[in-house]
Amino acid sequence: MSTRDELADAVSRAIGEIARRDGLTWEVAPEAVHLERPARRDHGDWSTNVALVTAKQAGSDPRALAGALAAVLSADPPRHVDTVEVAGPGFVNFRLDDGWLHAALLEMLAGGEEHYARPDIGGGEKVQVEFISANPTGPIHVGNGWWGSYGDSLARILARTGHRVVREYYVNDTGGQIRTLGESLLARRRDDDVPEGGYSGEYVTELAAEYEGPDEVTAAGRWAADHILDHIRSSLASVGIYFDEWYSQASIEESGAVDETIGLLAQKGLVFEEDGAIWFRATAEGDSRDRVLRKSNGDATYLAGDLAYHRDKLVVRGFDRVIDVFGADHHGQVASLVAGVKALGVDPARLEVKLGQMVSLVDGDEAVKMGKRAGNAVTLDSLVADIGPDATRILSLTSSLDQATTFDLASARVQSADNPVYYVQMASARIGGVGRKAAEKGVIRAELAAVDLALLHHQRELELIRSLEELPEVVAEAAVDRAPVRITTWVRRLATCFHGFYHDCPILAGEVDPALTQARLWLVEATRIGLDIGLGLLGVSAPEEL
RNA sequence: GCCCUCGUAGCUCAGCGGAUAGAGCAUCGGCCUCCGGAGCCGUGAGCGCAGGUUCGAGUCCUGCCGGGGGCGCCA
């Protein structure tokens, strides 16, 4: 049991004891005891606000309750606890001896990459993360990669925290845009200009030169979409983004699932006909207006396909939870999608839509205009070519999905050495360097059981362990809040602690006591484990040398 | 007009309802006979405005102001 859990346990028991003694109705389960690491060290190593939060319930004053708690806990202090104090309006602060950090270090080394920081918060929940799903009508751009990094990292985080994860790309391989793509391709093959509203990018011309199929718009469009999709797949692979499923919209439509879905809605009396089209009475489920499902020309709308698709995910394939990652430019479709899901009898809480705020690009002082049809969007490929895959990933994961970001290409190019990825990877490389140096000097890391970790009491060493000790909670929070950025923040903090340690605490220098060298080598190993876990969740490599 | 979303330092961004809001860049200044100086240490400056909820609000609620996005029988 971790020190944190032991404290929560002790607090819960002390509360029970006080309640019995003083005749209070005061009861708090161990898991309800909120323990936090105070921002200021002089507030102790751990702190709980339980007296503040439950004062009303107990019918008493927070400071009095905190005082009683501190007295009981001081009389029989939990393991590693030196002092228990009341502070401020009613916090109970714990000051611990360094032993709790040595115990934590031992725990992470025992767990290793495989088991440390793998909290089971999903309980085997079957969750699908759908992300990117960019139309296969052109190369994917920086925004797709940005939100794609989020989706991919989120999937990694959920997989580590007890969820059964499927990552999916919904391929919009049908409808007008595919015809438009086909028209554009055929026009280029004839050396004509693309039609009004067509795709004029260079890649269309290149594909046209390869196309040997029939002069038929849909066939040409599908052929081009297939090739573009291959390209997208390899672009994403270059930044470590992978999918389990590439789900075809055309297959949904051809399977009859769209008609089936419309039929289900009709059974509930939520479908009507008007102006020759078939409509979904979305207003009945809270949408701001009704929506067309089947156009008067007989084609299904995007929404109809999307509803059939979500029914497939939530009902047919039976995911407990579906997380859709959309760009903010698609947020307009959320209300009708949610309305439709509700109308299909699915608990809307099982569908989470994460909206990625827009990424705008500047190049020095110049704004970069993005427009896919015009073919001048900045592609993910070009960004990766500029700054590399690791920098691309970590930069897209240093701000939260909710934060509209401005990304300066010039700055990323010129100041690439100041990029957080180098700072973090420098730590990784230094760890590799320690290993190489140790091998060179013939220093071998001893069995952990034979090493005295209590020799680690330098402030830098303790700070580093503190940082490592946070990882399980950071991973859990990142999962619960769907926030990979938490991992990025933590990894950078860890790197800072490591660089400080490395600077002030020689590991292999001649004057260092061999026993201390051993303890430090294990601390370095723990850092390597932490970095590997953290960077792994971000999809960033942890190189042993730069 | 309606809906969504965001406003934190000069710039780019962190910040689990907690106590004195943090990084990086940019500024200025220190530190290499020593495991990688792509590093370490120091330096100034900030929560758009107004209410509310709370023991406690950058964080939750309402309104306003400002930016972005969306309001198709496009996808």
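Bear in mind that the values here come from a model prediction, so they are computed numbers and not experimental data. Below, chains carry the letters A, B, ... as their sequence lines are ordered, and counting in each starts from 1.
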- Message: Nearest 0.5 Å, please: how far is CG in Asp504(A) from NE2 in His499(A)?
- Response: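 Here the interatomic distance stands at 13.0 Å.
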- Query: Out of curiosity, Tyr502(A) OH to Leu523(A) CG, how far, rounded to the nearest 0.5 Å?
  - Reply: 13.5 Å
[N] OP1/OP2 closer than 4.0 Å to side-chain N/O of [X]:
X: Arg486(A); N: G15(B); value: yes
X: Lys354(A); N: U5(B); value: no
X: Tyr423(A); N: G36(B); value: no
X: Tyr502(A); N: G36(B); value: yes

Which nucleotide in the list [options] gets nearest to the side chain of [X]?
X: Thr406(A); options: G39(B), C35(B), C13(B); answer: C13(B)
X: Leu355(A); options: C4(B), C40(B), G18(B); answer: C4(B)
X: Gln403(A); options: A19(B), C16(B), G7(B); answer: G7(B)
X: Tyr422(A); options: A75(B), A19(B), A38(B); answer: A38(B)
X: Phe91(A); options: G18(B), C40(B), C13(B); answer: G18(B)
X: Arg492(A); options: C40(B), A19(B), A23(B); answer: A23(B)

- Which heavy-atom pair separates Val258(A) from Ala300(A) by the least distance, and what is that distance?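 Reported closest heavy-atom pair: CG1-CB, 3.9 Å.
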- Smallest heavy-atom separation, Ser200(A) atom then Val194(A) atom, equals CB-CG2, 3.8 Å
Whole-angstrom distance between [N] and [M], as gauged at atom [atom1]:
N: C25(B); M: A45(B); atom1: C1'; result: 14 Å
N: C73(B); M: G69(B); atom1: C1'; result: 23 Å
N: C28(B); M: G44(B); atom1: P; result: 16 Å
N: C4(B); M: C40(B); atom1: C1'; result: 45 Å
N: U53(B); M: U62(B); atom1: P; result: 15 Å
N: A75(B); M: A57(B); atom1: P; result: 50 Å
N: C31(B); M: A9(B); atom1: P; result: 33 Å
N: U59(B); M: U54(B); atom1: P; result: 16 Å

- Query: Is any N or O donor-acceptor pair between the side chain of Ser47(A) and the base of A19(B) shorter than 3.5 Å?
  - Reply: yes
- Item | Donor/acceptor link under 3.5 angstrom from Thr301(A) side chain onto base of C73(B) |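 No pair found.
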Spacing between [X] atom [atom1] and [N] atom [atom2], to the nearest angstrom:
X: Ile431(A); N: G39(B); atom1: CD1; atom2: P; answer: 15 Å
X: Leu494(A); N: A23(B); atom1: CG; atom2: P; answer: 16 Å
X: Leu397(A); N: G24(B); atom1: CG; atom2: P; answer: 20 Å
X: Met426(A); N: G39(B); atom1: CE; atom2: C1'; answer: 6 Å
X: Glu440(A); N: C35(B); atom1: CD; atom2: P; answer: 10 Å

Residues [X] and [Y] bridged, charged N to O under 4.0 Å:
X: Asp259(A); Y: Arg294(A); value: yes
X: Arg179(A); Y: Asp299(A); value: yes
X: Arg37(A); Y: Glu473(A); value: yes
X: Arg466(A); Y: Glu463(A); value: yes

Name the nucleic acid region contacted by [X], choosing base, sugar-phosphate or nothing; use a 4.0 angstrom heavy-atom cut-off, strictly under.
X: Lys437(A); result: sugar-phosphate
X: Ala427(A); result: nothing
X: Asn93(A); result: base
X: Glu274(A); result: base
X: Arg460(A); result: sugar-phosphate
X: Ala404(A); result: sugar-phosphate
X: His499(A); result: sugar-phosphate
X: Asp275(A); result: base
X: Glu545(A); result: base
X: Cys497(A); result: nothing

- Query: Using the glycosidic torsion, which applies to C32(B): syn (within 90° of 0) or anti (everything else)?
  - Reply: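 Chi for C32(B) falls in the syn range.
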- Message: Using heavy-atom distances to pick each residue's nearest nucleotide on RNA chain B, tell me which of Glu36(A) and Asp173(A) is more 5'.
- Response: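 Looking at the nearest nucleotide for each, Glu36(A) comes out on the 5' side.
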- Between Asp504(A) and Ser399(A), name the one whose nearest nucleotide on RNA chain B is closer to the 5' end.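 Final value for this comparison: Ser399(A).
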- Item | Min side-chain heavy-atom separation Thr261(A)-Asp312(A) under 4.5 Å | no
- Item | Side-chain touch Val540(A)/Gln425(A), heavy atoms, less than 4.5 angstrom | yes
- Query: Does the His310(A) side chain pair with the main chain of Asp306(A), one donor and one acceptor, at a distance under 3.5 Å?
  - Reply: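 Judged by distance alone, yes, a pair lies under 3.5 Å.
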- Item | Criterion side-chain hydrogen bond (donor to acceptor under 3.5 Å, both in side chains) on Gln177(A) and Asn135(A), from CA distance to verdict | CA-CA 9 Å; Gln177(A) 57 175 350; Asn135(A) 296 337; 2.9 Å; yes
Dump the pairs, protein N or O against N or O of nucleotides 69-71 of chain B, anything under 3.5 Å, distances to one decimal.
{"from": "G69(B)", "atom 1": "O2'", "to": "Ala328(A)", "atom 2": "O", "distance (Å)": "2.9"}
{"from": "G69(B)", "atom 1": "N2", "to": "His331(A)", "atom 2": "NE2", "distance (Å)": "2.8"}

What nitrogen or oxygen pairs link the protein and nucleotides 54-62 of chain B at under 3.5 Å?
{"from": "C55(B)", "atom 1": "OP1", "to": "Lys56(A)", "atom 2": "NZ", "distance (Å)": "2.8"}

Distance-only donor-acceptor check, side chains [X] and [Y], under 3.5 Å:
X: Ser153(A); Y: Arg393(A); answer: yes
X: Ser467(A); Y: Glu470(A); answer: no
X: His34(A); Y: Glu36(A); answer: yes

- Task: Could you please spell out the steps behind the ring pair (Phe, Tyr, Trp, His ring centres under 6.0 Å) verdict for Phe501(A) and His458(A)?
- Result: CA-CA 9 Å; Phe501(A) 158 74; His458(A) 192 286; 8.2 Å; no
- For RNA chain B, which consecutive runs of 3 or more Watson-Crick or G-U pairs (each distance under 3.5 Å) count as stems?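 Counting only runs of 3 or more consecutive pairs, the stems involving RNA chain B are B:1-7 with B:65-71, B:10-13 with B:22-25, B:28-31 with B:39-42, B:48-52 with B:60-64.
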